[in-house]
Every structure is written in C-alpha cells, then in structure tokens.
**Student:** 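The following block contains the structure, expressed as structure tokens.
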Amino acid sequence: MPELPEVETIRRQLAKKIVGKKLKGKKIKAVRRRAKVLIINFADGSSLVFHLKLTGQLIFNGQPLKYTRKIFRFDDGSKLVFNDARKFGWWKIVKNTEQIEKRFGPEALEINLKTFKDCLKKHPNTKIKPLLMDQKFIAGIGNIYSNEILFAAKVLPQRRVKTLKDKEIQQIHQNIKTVLKKAIRYHGTSAQYYLDACGKKGSYINYLKVYQRDGEKCVRCSGKIKRVKIGGRSAYFCPKCQK
DNA sequence: ACAATATCCTGCGAGC
DNA sequence: TGCTCGCAGGATATTG
C-alpha cells in the first residue's frame with residue numbers, strides 16, 4: 001500500500017517528467033506531497049490531487065490496462081495513467097489544497113522531537129501502533145512502516161503511550177526518519193500492487209524485518225515473529241526483543 | 001478519549 | 001477444475 005516513501009518516490013519521479021508541461025491548457029508548476037496525498041500544482045493556483053489508497057498506481061506513459069481508471073494527457077503527447085484495482089483511490093481538481101492539507105498532522109519526515117513528544121502527551125491511553133498510523137497525529141505512516149519503525153525502536157505495538165519511557169520515545173522518533181528515508185532510497189515497498197511512476201517495483205521489501213514475516217525467525221534475536229490484530233489491522237512484531 | 005465495527009472494493013488463497 | 005467464502009486494508013463514520 002502506498003505510504004509516505006512510495007508516494008514520495010512517485011512525486012520525485014513525476015516532478016522530473018511533468019513540471020513545465022501543460023494539462024488541459026494549465027501549466028504544471030510543481031509536484032508536491034502531503035501525507036500520502038500527491039498534489040500536482042498548476043500555475044493558476046489550482047491542483048490535481050490524488051490518493052492511491054491500497055492499490056492505486058500512477059504511471060508516466062504507462063500502458064492502459066484492465067484496471068486503468070483515468071488517463072491524463074499532457075500537451076506534448078505524454079500521459080499519466082491512473083490504475084486502481086480496488087477503486088478505493090481517488091483524484092480530484094481543487095481550487096486550493098488548504099482543505100486537504102489541514103486534515104493532517106505534522107509530516108513524519110519533518111517532525112522534531114519536542115513536537116513529537118507534545119503530540120504523544122495528548123494521547124496517553126492510545127496504543128502506539130494505531131497512533132503512528134493516525135494521519136491527524138502524524139502524517140505519512142501506514143501499516144508497513146508502523147510495524148518496521150516499532151521493530152527498529154524495540155517497542156511492542158500494543159504499548160500504551162503513557163507507559164513509554166523517554167528513551168523509547170526518542171528511539172521511535174529517530175526510527176520514523178531512518179526507516180522512511182531508507183525506504184525512499186529503495187523506492188518503497190512493492191508488497192502487492194505498488195509500482196512507482198516508471199512502472200517499476202520498489203525494493204524495500206528486501207529490507208522488511210517484520211511486516212508479513214509472521215512465523216519467521218527474528219533477524220535480531222532469533223525469536224519468532226508474531227502477528228496479532230491491533231485496531232483492526234495486522235501488527236507484526238518480535239515478542240522477544242521488542243519490549 | 002479511546003475502542004470496536006462497518007463501509008467502500010476486488011484479487012487471492014483456502015477449502016471442498 | 002471450479003465454485004464459494006472470508007480476508008486484506010486507508011480513511012472515515014458511527015456506535016459503544
């Protein structure tokens with residue numbers, strides 16, 4: 001599922017390819033990202049906005065396929081193909097992105113430790129994993145990376161915020177950045193459907209430590225990776241070395 | 001304030 | 001082989 005690293009990968013690739021081109025007569029000024037939302041900015045201030053949800057793909061000059069929902073054509077004949085097998089994704093044109101952007105909390109890659117701690121204080125009884133996935137709390141993290149971040153921080157996903165020690169909060173904060181940045185370097189995780197804007201798979205799947213690895217041996221301590229439901233979502237963790 | 005559940009949709013794997 | 005069934009999941013709404 002496209003999370004911050006996947007959408008950021010698409011954003012960077014797309015920016016190189018389409019900035020300066022025209023779409024329906026409107027010149028493209030920038031390609032931006034907020035949380036998991038991709039924003040194509042036009043010179044007149046309006047924007048074309050996408051959310052890929054679970055199975056969305058945005059492929060520059062891609063071949064139209066069975067699940068192609070929309071093709072955007074640029075003035076030079078190139079095109080942007082929007083595929084989405086499960087139809088959860090959406091796109092729309094907005095006059096400005098204010099309404100969309102204000103729904104989200106601080107960007108995961110930008111939040112500083114103090115702000116992170118302040119945000120945590122507001123949710124003392126919430127379990128840490130669902131909170132990391134809450135876009136109003138912090139923007140960009142989904143199921144794959146919440147699991148990977150908590151593994152890296154050695155914190156169990158079902159821990160309640162008020163039980164976290166200062167050191168653990170620091171570890172979570174730091175690993176939000178290191179995990180997401182590494183995932184961007186490898187163009188994200190192609191677990192099922194995700195493809196980048198060039199139609200290629202991301203290779204971070206090779207670096208996943210816990211996600212979809214239940215039953216396997218922990219790479220850190222040789223414990224056995226477990227999977228449980230937390231907040232209706234699959235949580236993967238090592239019960240031995242995550243505390 | 002937080003949790004649990006339903007909703008949208010369809011590919012996929014399991015079971016028969 | 002081919003059917004049915006249940007599950008997965010981001011975000012949101014609703015109910016507890």
Side-chain angles (χ1 to χ4, degrees), chain A residues 1-11 33-39 49-59 64-70 82-92 94 97-108 117-150 156-164 176 179-180 183 188-195 201-202 204-205 208 210-216 225-237:
Chain A
M1 316 111 253
E3 304 179 27
L4 185 151
E6 289 76 22
V7 181
E8 179 62 19
T9 298
I10 292 171
R11 185 197 72 74
R33 178 190 58 75
R34 176 79 170 102
K36 303 173 193 172
V37 170
L38 189 87
I39 301 165
V49 181
F50 294 89
H51 198 307
L52 301 177
K53 292 287 181 96
L54 303 174
T55 57
Q57 303 170 335
L58 269 178
I59 303 177
L65 302 165
K66 189 177 168 190
Y67 305 116
T68 297
R69 307 294 174 196
K70 178 75 184 175
F82 178 50
N83 302 324
D84 188 13
R86 284 189 203 167
K87 297 182 175 174
F88 281 8
W90 50 260
W91 61 269
K92 59 183 170 183
V94 295
T97 56
E98 210 177 302
Q99 295 295 318
I100 292 166
E101 297 201 44
K102 75 176 187 189
R103 296 204 306 255
F104 301 117
E107 279 291 318
K117 283 182 179 174
D118 289 345
C119 291
L120 283 173
K121 278 196 188 115
K122 293 176 197 159
H123 307 274
N125 291 307
T126 308
K127 291 169 183 168
I128 185 63
K129 181 175 179 292
L131 190 58
L132 286 180
M133 292 172 66
D134 183 344
Q135 304 302 301
K136 293 187 294 297
F137 168 72
I138 183 168
I141 301 168
N143 204 32
I144 297 173
Y145 298 106
S146 62
N147 282 302
E148 295 298 316
I149 289 163
L150 289 171
L156 289 167
Q158 54 274 66
R159 287 278 298 281
R160 291 189 193 265
V161 167
K162 65 183 174 192
T163 72
L164 296 173
I176 285 172
V179 168
L180 295 178
T189 304
S190 291
Q192 291 108 355
Y193 290 85
Y194 167 73
L195 295 176
K201 289 185 176 187
Y204 193 76
I205 194 164
L208 295 175
V210 287
Y211 181 73
Q212 290 185 341
R213 293 192 175 277
D214 43 322
E216 293 181 31
I225 304 304
K226 271 194 78 171
R227 169 183 168 178
V228 299
K229 287 269 178 184
I230 300 174
R233 296 288 172 260
S234 292
Y236 301 86
F237 59 96

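First the proteins, then the strands, lettered A, B, ... as listed; each starts at 1.
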**Student:** What is the separation between atom CE on A:Met133 and atom C1' on B:dC2, rounded to the nearest whole Å?
**Tutor:** 16 Å
**Student:** Rounded to the nearest angstrom, tell me the gap between atom CG in A:Leu132 and atom P in C:dG9.
**Tutor:** 16 Å
**Student:** Do the side-chain N or O atoms of A:Tyr193 get closer than 4.0 angstrom to the phosphate oxygens (OP1, OP2) of C:dA8?
**Tutor:** no
**Student:** Within the structure, does a side-chain N or O atom of A:His123 lie under 4.0 Å from either OP1 or OP2 of B:dA1?
**Tutor:** no
**Student:** Only one of A:Leu131, A:Leu180, A:Leu4, A:Asn147 clears side-chain contact (heavy atoms from CB on, under 4.5 Å) with A:Ile141; which?
**Tutor:**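 Running side-chain contact (heavy atoms from CB on, under 4.5 Å) over A:Leu131, A:Leu180, A:Leu4, A:Asn147 with A:Ile141 returns exactly one hit, A:Leu180.
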**Student:** I want to check one thing: is the phosphate of C:dG9, taken as OP1 and OP2, less than 4.0 Å away from some side-chain N or O of A:Asn143?
**Tutor:**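 Affirmative; the distance criterion is met.
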**Student:** Starting at atom CD1 of A:Ile230, determine the distance to atom P of B:dT5, rounded to an integer number of angstrom.
**Tutor:** 15 Å
**Student:** How long is the line joining CZ of A:Arg86 and C1' of C:dA11, in whole Å?
**Tutor:** 15 Å
**Student:** Base, sugar-phosphate, or nothing: which does A:Arg69 touch, judged by heavy atoms less than 4.0 Å apart?
**Tutor:** nothing
**Student:** Give, for atom CZ of A:Arg160 and atom OG1 of A:Thr126, the distance between the pair rounded to the nearest 0.5 Å.
**Tutor:**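 Between A:Arg160 CZ and A:Thr126 OG1, I get 8.0 Å after rounding to 0.5 Å.
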**Student:** Can you label the angle between the A:Trp90 ring and the A:His51 ring as parallel, tilted or perpendicular, going by 30° and 60°?
**Tutor:**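 Correct class here is tilted.
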**Student:** Under 5.5 Å between ring centres and under 30° between planes: true for A:Phe88 and the base of C:dA11?
**Tutor:** no
**Student:** Which comes earlier along DNA chain C counting from the 5' end, the contact point of A:Gln192 or that of A:Ile141, where each point is its nearest nucleotide?
**Tutor:**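 Closest to the 5' end, via its nearest nucleotide, is A:Gln192.
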**Student:** Is there a side-chain contact between A:Lys53 and the phosphate of B:dC8, meaning an N or O under 4.0 Å from OP1 or OP2?
**Tutor:**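 Answer is no, no contact under 4.0 Å.
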**Student:** Taking atom types as modelled, find out whether A:Asn143 and A:Lys129 have a side-chain donor-acceptor pair closer than 3.5 angstrom.
**Tutor:** yes
**Student:** Compare side-chain N and O positions of A:Lys36 against OP1 and OP2 of C:dG10 and report whether any pair is under 4.0 Å apart.
**Tutor:**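 Checking C:dG10 against A:Lys36, no side-chain N or O comes under 4.0 Å of OP1 or OP2.
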**Student:** Using whole Å, report how far NZ of A:Lys229 lies from C1' of C:dG10.
**Tutor:**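 Atom NZ in A:Lys229 sits about 13 Å away from atom C1' in C:dG10.
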**Student:** Taking side chain as C-beta onward, heavy atoms only, is A:Tyr236 less than 4.5 Å from A:Glu216?
**Tutor:**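 Not in contact.
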**Student:** Quick one: CG on A:Leu52 to CD on A:Gln57, what's the gap to the nearest 0.5 Å?
**Tutor:**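 Here the interatomic distance stands at 9.0 Å.
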**Student:** Any protein N or O atoms within reach of nucleotides 12-16 of chain C? Criterion: under 3.5 Å, listing atom names and distances.
**Tutor:**
residue, atom, partner, partner atom, Å
C:dT12, OP1, A:Arg103, NE, 3.2

**Student:** May I have the distance from A:Tyr145 (atom OH) to C:dG9 (atom C1'), rounded to whole angstrom?
**Tutor:** 16 Å
**Student:** Within the pair A:His51 and C:dA11, is there a side-chain N or O less than 4.0 Å away from OP1 or OP2?
**Tutor:**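 It does, given that an N or O in the side chain of A:His51 lies less than 4.0 Å from OP1 or OP2 of C:dA11.
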**Student:** Quick one: A:Phe137 CZ to B:dA3 P, roughly how many Å, whole number?
**Tutor:** 13 Å
**Student:** Nearest-nucleotide wise, let me know which of A:Lys122 and A:Ala85 is further upstream toward the 5' end of DNA chain B.
**Tutor:** A:Lys122
**Student:** Any heavy-atom pair between the side chains of A:Val210 and A:Leu150 that's under 4.5 Å?
**Tutor:** no
**Student:** Between atom CG in A:Leu131 and atom P in B:dA1, what is the gap in whole Å?
**Tutor:** 13 Å
**Student:** With sugar-phosphate meaning primed atoms plus P, OP1 and OP2, does A:Pro130 contact a base, only sugar-phosphate, or nothing at under 4.0 Å between heavy atoms?
**Tutor:**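 The answer is nothing, as A:Pro130 stays clear of every strand by at least 4.0 Å.
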**Student:** Can you figure out which of B:dA3, C:dG9, B:dG11 approaches the side chain of A:Arg160 most closely?
**Tutor:** B:dA3
**Student:** Taking atom types as modelled and ignoring hydrogens, do the side chains of A:Glu3 and A:Tyr194 form a donor-acceptor contact shorter than 3.5 angstrom?
**Tutor:**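 Distance-only check fails for A:Glu3 and A:Tyr194.
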**Student:** NA contact type, A:Thr55, heavy-atom cut-off 4.0 Å: base, sugar-phosphate, or nothing?
**Tutor:**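 Nothing: the residue A:Thr55, judged by heavy atoms under 4.0 Å, touches no strand.
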